[in-house]
Amino acid sequence: MASAPAQQPTLTVEQTRVVLSEVIQAFSVPENVARMEEARESACNDMGKMLQLVLPVATQIQQEVIKAYGFNNEGEGVLKFARLVKMYETQDPEIAAMSAKLKALLLPPLSTPPIGGAIPAS
């Protein structure tokens, strides 16, 4: 017989702000900065390698924080927390701003092509 799935933690808007703030702070801890930099350097701005190398490190850093709030210590916990944040983004501008800051920490800056496109007209 299969066991019942673990109950998803329920956080209030205020609690979500606190956890999100702690997650963002975790990315500024020197050890984690070094881990992220090493992963980014290994990925060499290749999006496929970013997903293989940077995303797992970022997930581990987040897991270290959110497990204290009842989220499981696997990738699923990070996904559930991300869904919770997404739900509150529309209700709370502070959560929306912190979520954007977290995304900026995780995603590489995207280069935009020059205006008019890169293909010369013939």
Side-chain angles (χ1 to χ4, degrees):
M1 180 175 236
S3 62
Q7 182 68 27
Q8 178 175 337
T10 307
L11 301 177
T12 65
V13 171
E14 293 78 19
Q15 291 169 322
T16 302
R17 277 191 217 125
V18 169
V19 178
L20 195 51
S21 176
E22 289 180 19
V23 168
I24 291 169
Q25 288 173 357
F27 281 93
S28 63
V29 171
E31 174 189 328
N32 292 336
V33 169
R35 289 169 63 194
M36 287 294 288
E37 283 178 3
E38 181 181 335
R40 281 193 181 106
E41 286 172 13
S42 296
C44 301
N45 265 349
D46 177 297
M47 188 52 83
K49 288 183 181 179
M50 292 292 272
L51 292 172
Q52 292 175 342
L53 302 171
V54 177
L55 188 60
V57 172
T59 299
Q60 288 171 355
I61 292 168
Q62 290 179 74
Q63 285 170 343
E64 291 165 7
V65 174
I66 67 173
K67 69 182 178 184
Y69 294 91
F71 292 90
N72 75 26
N73 199 23
E74 297 174 15
E76 183 182 338
V78 172
L79 292 175
K80 286 181 179 179
F81 179 67
R83 279 189 223 117
L84 186 68
V85 169
K86 186 95 176 138
M87 181 182 76
Y88 284 138
E89 279 179 355
T90 58
Q91 302 171 25
D92 188 83
E94 189 176 344
I95 288 178
M98 286 192 287
S99 178
K101 183 174 182 175
L102 180 59
K103 286 175 189 163
L105 290 170
L106 302 178
L107 300 174
L110 298 175
S111 57
T112 54
I115 294 176
I119 302 171
S122 41

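Below, all heavy atoms of this structure are taken into account, side chains as well, without hydrogens, waters or symmetry copies. Everything quoted here is computed from the prediction, not taken from an experiment.
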**Q** Would one find more than 12 heavy atoms of other residues, nucleotides or ligands at under 6.0 Å from atom CD of Gln15?
**A** yes

**Q** Side-chain heavy atoms under 4.5 angstrom apart, residues restricted to Ile, Leu, Val, Met, Phe, Trp, Tyr: same cluster for Val85 and Val13?
**A** yes

**Q** Kindly compute the distance separating CG (Leu11) from OG1 (Thr16), expressed to the nearest 0.5 Å.
**A**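 One finds 4.5 Å between CG of Leu11 and OG1 of Thr16.
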
**Q** Counting C-beta onward and ignoring hydrogens, is there a side-chain heavy-atom pair between Ile66 and Val19 closer than 4.5 Å?
**A**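 Heavy-atom side-chain distance check passes, below 4.5 Å.
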
**Q** Are Leu53 and Met47 connected in a single hydrophobic cluster, I mean Ile/Leu/Val/Met/Phe/Trp/Tyr linked by side-chain heavy atoms less than 4.5 Å apart?
**A** no

**Q** So which atom in Asn72 and which in Gly77 form the shortest heavy-atom distance, rounded to 0.1 Å?
**A**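 Answer, listing the atom of Asn72 first, then Gly77: OD1-N, 2.9 Å.
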
**Q** Between Ser21 and Met98, is there a side-chain heavy-atom distance shorter than 4.5 Å?
**A** yes

**Q** Membership question, hydrophobic clusters at under 4.5 Å side-chain separation (ILVMFWY): are Val29 and Val78 in the same one?
**A** no

**Q** Are Val33 and Val54 connected into the same hydrophobic cluster when the rule is that any two of I, L, V, M, F, W, Y join if their side-chain heavy atoms are below 4.5 Å apart?
**A** no

**Q** Verify the cluster assignment for Ile95 and Met87: are they in a single hydrophobic cluster under the rule of side-chain heavy atoms below 4.5 Å apart?
**A**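 In one cluster with Ile95: Met87, yes.
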
**Q** Listed by chain and number, what are the side chain to side chain donor-acceptor pair (under 3.5 Å) partners of Gln52, not counting sequence neighbours?
**A**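 If we apply the side chain to side chain donor-acceptor pair (under 3.5 Å) test to Gln52, skipping adjacent residues, there are no hits.
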
**Q** Is there a donor-acceptor pair closer than 3.5 Å between any side-chain N or O of Tyr69 and the backbone N or O of Phe81?
**A**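 Here the side-chain-to-backbone pair does not exist.
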
**Q** Residues sharing Leu51's hydrophobic cluster, by side-chain heavy-atom contacts under 4.5 Å among ILVMFWY, directly or via others?
**A**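 Result for Leu51 is Leu55.
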
**Q** Is the shortest side-chain heavy-atom distance between Met36 and Ile61 below 4.5 Å?
**A** yes

**Q** Pairs in or reaching into residues 18-38: which pass salt bridge (Lys or Arg N to Asp or Glu O under 4.0 Å), with residues at least two apart or in two chains?
**A**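 Listed by first then second residue: Arg35-Glu64.
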
**Q** Please answer whether the main-chain N or O of Ala26 pairs with a side-chain N or O of Asn32 as donor and acceptor at a distance below 3.5 Å.
**A** yes

**Q** Can you tell if the side chain of Gln62 reaches within under 4.5 Å of the side chain of Phe27, non-hydrogen atoms only?
**A**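 In contact.
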
